[in-house]
There are 2 protein chains.
Amino acid sequence: MESKLIKGTLQTIILSLLEKEGRMYGYEITKKVRDLSAEQILLTEGALYPALHKLEAEGYLLVEKVPVGKRVRKYYTLSPQGKKAAARKTGEFEEFVQAMYLVLRLQPKT
Amino acid sequence: MESKLIKGTLQTIILSLLEKEGRMYGYEITKKVRDLSAEQILLTEGALYPALHKLEAEGYLLVEKVPVGKRVRKYYTLSPQGKKAAARKTGEFEEFVQAMYLVLRLQPKT
DNA sequence: TGTTAATACTTAATTTTCTTATGTATATTG
DNA sequence: CAATATACATAAGAAAATTAAGTATTAACA
């Protein structure tokens, strides 16, 4: 997968996943995205963790630290603003894709 | 249009347009994209012109300088490699969208 | 006829958002 | 017991955009 295209969609992915799954931790997100996309979209840790921190700082995510053995896992959930942002960003992505299909003159498919 | 999503798709847009239209100059590309996308995708000059120069430097575009009145207009066409790149990048975009729809659990629509 | 808008291209500074690399540490599996 | 997987963090650098400023011609309009 030509990963340049992922630019700008990482926040959308994170918010959407949390909306559907309810509660996830970072490492779990990378695996879920890889599985759902049939290995097409592979998130890197260097992109994911800073993105989670940013979404948290912006008030979209709530964090809960849960000890698992000797490690501490950070579970994220959507704040009320995060839920709105998830819906908004998903909608914007759909609009963008439709606009791109018009520009590229592609048949909307699958 | 939340323009962050455009990141990574500009080359695809340029190559695809030239594939369909044959021969275009920069300013014409911005107008065509705006029209085709119903004002949704608005290319900025600061992004477009450097992108054209880069595609040219990489051998994907051929340039022809045409005097129009006292100005010189730069018409771009696809080189043979550019045609291959247009097809490849359009295909990659479609694959990416399909992968995103799986991750976001969206119905492929319109 | 003079000002505004549109046409047409260029480039520099800055910002955003990634990749790559490195670091730390625990847990599982063969 | 070594390798792999789990789990998070962050710094350096690259890529690709935005914003802004510059130059200049042409068309529209009032």
Side-chain angles (χ1 to χ4, degrees), chain A residues 1-15 17 23-35 39-58 60-61 63-76 89 92-93 96 100, chain B residues 1-15 17 23-35 39 41-58 60-61 63-76 85 89 92-93 96 100:
Chain A
M1 169 75 50
E2 180 51 64
S3 60
K4 254 191 290 186
L5 295 168
I6 289 175
K7 282 209 183 245
T9 62
L10 181 53
Q11 288 197 354
T12 307
I13 289 172
I14 293 170
L15 293 170
L17 267 193
R23 186 168 172 275
M24 299 182 90
Y25 56 97
Y27 191 76
E28 193 182 8
I29 291 174
T30 65
K31 283 187 300 179
K32 189 75 185 178
V33 169
R34 192 179 62 213
D35 289 351
E39 324 288 298
Q40 294 295 289
I41 297 178
L42 305 173
L43 303 186
T44 59
E45 295 171 297
L48 177 68
Y49 291 113
L52 287 170
H53 300 160
K54 192 180 177 210
L55 288 170
E56 183 194 349
E58 287 168 344
Y60 295 131
L61 303 187
V63 192
E64 189 190 346
K65 289 178 185 168
V66 177
V68 176
K70 285 179 186 169
R71 284 197 291 224
V72 174
R73 200 182 269 170
K74 291 175 76 175
Y75 276 98
Y76 292 94
K89 280 183 177 280
E92 281 169 359
F93 179 76
F96 172 69
M100 279 294 290
Chain B
M1 169 72 53
E2 180 50 65
S3 61
K4 251 190 295 183
L5 296 168
I6 289 175
K7 282 197 185 254
T9 62
L10 181 53
Q11 290 198 353
T12 308
I13 289 171
I14 293 169
L15 293 170
L17 268 192
R23 187 168 171 275
M24 300 182 91
Y25 56 97
Y27 191 75
E28 193 182 7
I29 291 175
T30 65
K31 283 188 301 181
K32 189 75 184 177
V33 169
R34 193 179 60 213
D35 289 353
E39 323 291 298
I41 296 179
L42 306 172
L43 303 186
T44 60
E45 295 171 296
L48 177 68
Y49 291 111
L52 287 170
H53 301 159
K54 192 181 179 209
L55 287 170
E56 184 195 349
E58 287 169 344
Y60 296 132
L61 302 187
V63 192
E64 189 190 346
K65 289 178 186 168
V66 176
V68 176
K70 285 181 184 166
R71 284 196 289 225
V72 174
R73 201 181 268 169
K74 292 174 77 175
Y75 277 98
Y76 291 94
K89 280 182 177 283
E92 281 169 359
F93 179 75
F96 173 69
M100 278 294 290

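Chain letters run A, B, ... following the sequence lines, proteins first, then strands; residues in each count from 1. Please read all numbers here as calculations on a predicted model, not as lab measurements. Hydrogens, waters and symmetry mates play no part in the numbers below; they use all other heavy atoms, side chains included.
- For B/Leu10, the side-chain atoms get nearest to D/dA17 when compared with the rest of D/dT6, D/dA17, D/dC8.
- For A/Thr44, the listed nucleotide lying nearest its side chain is C/dT20; candidates were C/dT20, C/dT10, D/dT18.
- Among C/dA8, D/dA17, D/dT6, the nucleotide with an atom closest to any side-chain atom of A/Lys31 is D/dT6.
- Position along DNA chain D of the nearest nucleotide to B/Leu43 versus A/Val72 favours A/Val72 as the more 5'-ward residue.
- For B/Tyr25, a side-chain nitrogen or oxygen approaches OP1 or OP2 of C/dA8 to under 4.0 Å.
- For a distance-only test at 3.5 Å, the side chain of B/Arg71 qualifies as a donor-acceptor partner of the base of C/dT7.
- Between the NZ atom of B/Lys74 and the P atom of C/dC9 there is a distance of 8 Å, rounded to whole Å.
- At whole-Å resolution of the value, CG in B/Leu48 and C1' in D/dA17 are 12 Å apart.
- Closest to the side chain of B/Ala47, out of C/dA8, D/dC8, D/dA17, is D/dA17.
- Between the CG atom of B/Leu42 and the C1' atom of D/dT19 there is a distance of 15 Å, given to the nearest Å.
- Phosphate proximity of C/dT10 to B/Tyr49: absent, as no side-chain N or O sits under 4.0 Å from OP1 or OP2.
- Residue order along DNA chain C, read from the 5' end via each residue's closest nucleotide, puts B/His53 first among B/His53 and A/Gly69.
- Within the 4.5 Å cutoff, no side-chain heavy atoms of A/Thr30 are placed close to those of A/Thr44.
- In this structure, the CD atom of A/Glu45 is 16 Å from the P atom of D/dA11, given to the nearest Å.
- In this model, the phosphate group of C/dT17 is approached by a side-chain N or O of A/Lys54 to a distance below 4.0 Å at OP1 or OP2.
- Here the side chain of B/Lys70 is nearest to one of D/dA17, C/dT17, D/dT25, namely D/dT25.
- Separating the CZ atom of B/Arg34 from the C1' atom of C/dA6 is a distance of 10 Å, rounded to the nearest angstrom.
- The minimum heavy-atom distance between B/Gly8 and A/Leu5, with the atom names listed, is O-CD2, 3.4 Å.
- At the heavy-atom level, B/Glu28 lies nowhere under 4.0 Å from the strands shown.
- Between B/Met24 atom CE and B/Tyr75 atom OH the span is 9.5 Å, to the nearest 0.5 Å.
- Rounded to whole angstrom, the span from the CG atom of A/Leu55 across to the P atom of C/dT16 amounts to 15 Å.
- The shortest heavy-atom contact between B/Ile29 and B/Leu52 is CD1-CD2, 4.2 Å.
- For B/Tyr27, the side-chain atoms get nearest to C/dT7 when compared with the rest of C/dT7, D/dA9, D/dT6.
- By the side-chain hydrogen bond (donor to acceptor under 3.5 Å, both in side chains) test, A/Gln40 pairs with no residue at all, sequence neighbours left out.
- With contacts defined as side-chain heavy-atom distances shorter than 4.5 Å, the pair B/Arg73/B/Glu28 does not qualify.
- With C/dT16, C/dT7, C/dT11 as the candidates, the nucleotide lying closest to the side chain of B/Lys7 is C/dT16.
- B/Gly26 comes within 4.0 angstrom of sugar-phosphate atoms only, judged by non-hydrogen atoms across all strands, and of no base.
- Atom pair B/Arg73:CZ and C/dT7:C1' shows a separation of 8 Å (rounding to whole Å applied).
- Following rounding to the nearest Å, B/Leu52 (CG) and C/dT10 (P) show an atom-to-atom distance of 8 Å.
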